[in-house]
Amino acid sequence: ALSLADGPNGVGDGRSGVTQLPAGASLAATWDASLARRYGRVVGAEERGKGIMVNLGPTINIDRDPRWGRSFESYSEDPYLNGALAGAEIRGVQSQGVMTQVKHYAVYNQETYRNTQADDAIVSERAEHEIYLPAFWAAISKAGAGSVMCAYSTVNGVPACQNQYLIGETLDQRWGFAGFVSSDYGATKTTEQSAAAGLDQEMPDDGYYGPALAAAVGSGKVAVSALNQMVSRILTEMFRFNDFTDPPGASSAVATTGAHQSVATDVAEAGTVLLKNARATLPLPASGAGAVAVIGPGASAAPTDSGGG
């Protein structure tokens, strides 16, 4: 079995005994790749401590619109910054023996009509390669991400998880990606077209890659070689991360530590500083500035500390 769990901002899916990490947007606001690597090490260590082999993260989509439901867990609107932090965080996660599944590939930047043909992003190849894809390229080429999650989005009329240009031509052929591609939950739309494009794993069920895939292989509509490639890509990464010889431990373990919580504090503090009053440019005292008001949901007794997209 291959165990996967959400993890853009720490171990997700309601698991206890883990560290509440600051949102990805806060990590991006630090502009600190070394801190991103420490953040990733916490994520990887705690995923492994909870018995998880694949961390579903980080989220590195371009934050085009702050109303996007995943803005909090992604980094920023800047392709270069996203790529630099993605590389650092992924190296941190994977240093703990847990593979990353960087997401969501690609051009997934809004929730309106999510996972339907009505959410069709019309974008030029140049814009794709200058804005929406560089961070994914960095995650693969510089950090060696083990897997990629294809998105809910439809791009130029083709759903992302069966998009030959995005997966087959760009990810596999141009970039030489050796890992495997999983669908976002419920993002698989077809059997034959997805297999032809290079989708290796359907999540979270077997609507298209269970009996339907077996039937397609049996009838010759999907080549046996395509099935072999799906299997080999997944197994290769599992061998790479020693999942057969050294699987992660018990899922009931308490994975958080004081050191992990210290990293969370460092990210929160560094990501909160929006302005430094260098050389006393502003008429603000260095200490004793008076009361500070915290307004909004963050000040409530039950703040929102994570999201569901």
query: Do the ring planes of F244 and F239 sit parallel (below 30°), tilted (30 to 60°) or perpendicular (above 60°)?
result: tilted
Looking at [X] and [Y], would you say the former's side chain and the latter's main chain have a donor-acceptor pair under 3.5 Å?
X	Y	answer
E192	A216	no
S183	M203	yes
S194	T190	yes
K189	N115	yes
S147	G179	no
Y132	A106	no

task: For V158 and Q164, run side chain to side chain contact (heavy atoms under 4.5 Å, CB included): C-alpha distance rounded to whole Å, both residues' side-chain angles, the deciding distance at 0.1 Å, then the answer.
output: CA-CA 9 Å; V158 183; Q164 179 68 40; over 6 Å; no
Quick one: do the [X] and [Y] side chains pair a donor with an acceptor below 3.5 Å?
X	Y	answer
N82	S76	yes
D65	Q110	no
T19	E46	yes
Y75	E89	yes
T236	S232	no

Do you know the tightest heavy-atom contact between [X] and [Y]?
X	Y	answer
P8	E73	CG-OE2, 3.7 Å
Q117	P159	OE1-CG, 3.3 Å
A151	Y108	CB-CB, 3.7 Å
D63	S71	OD1-OG, 2.7 Å
V222	A226	CG1-CB, 4.0 Å
L199	V181	CD1-O, 3.5 Å

- prompt: Is W175 atom CH2 crowded by more than 12 heavy atoms from other residues, nucleotides or ligands, each under 6.0 Å away?
  reply: yes
message: Any salt bridge linking K103 with D6? Criterion: basic side-chain nitrogen under 4.0 Å from a carboxylate oxygen.
response: yes
query: In Å and rounded to the nearest 0.5 Å, what is the OG to OH distance from S182 to Y105?
result: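 The OH atom of Y105 is 14.5 Å from OG of S182, to the nearest 0.5 Å.
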- prompt: Measuring from D206:CG to L213:CG, what's the distance to the nearest 0.5 Å?
  reply: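 Rounded to the nearest 0.5 Å, the CG-CG separation comes to 10.5 Å.
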- request: Decide side chain to side chain contact (heavy atoms under 4.5 Å, CB included) for R41 and V263; before the verdict, give the C-alpha distance in whole Å, the side-chain angles of both, and the deciding distance to 0.1 Å.
  value: CA-CA 10 Å; R41 284 200 292 264; V263 172; over 6 Å; no
- request: Please list, chain by chain and in numerical order, all residues satisfying side chain to side chain donor-acceptor pair (under 3.5 Å) with R279, sequence neighbours excluded.
  value: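 So R279 forms no side chain to side chain donor-acceptor pair (under 3.5 Å) with any residue.
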- prompt: Does the pair D184 and R114 meet the rule for a salt bridge (Lys or Arg N to Asp or Glu O under 4.0 Å), with working shown?
  reply: CA-CA 12 Å; D184 205 339; R114 186 172 86 169; over 6 Å; no
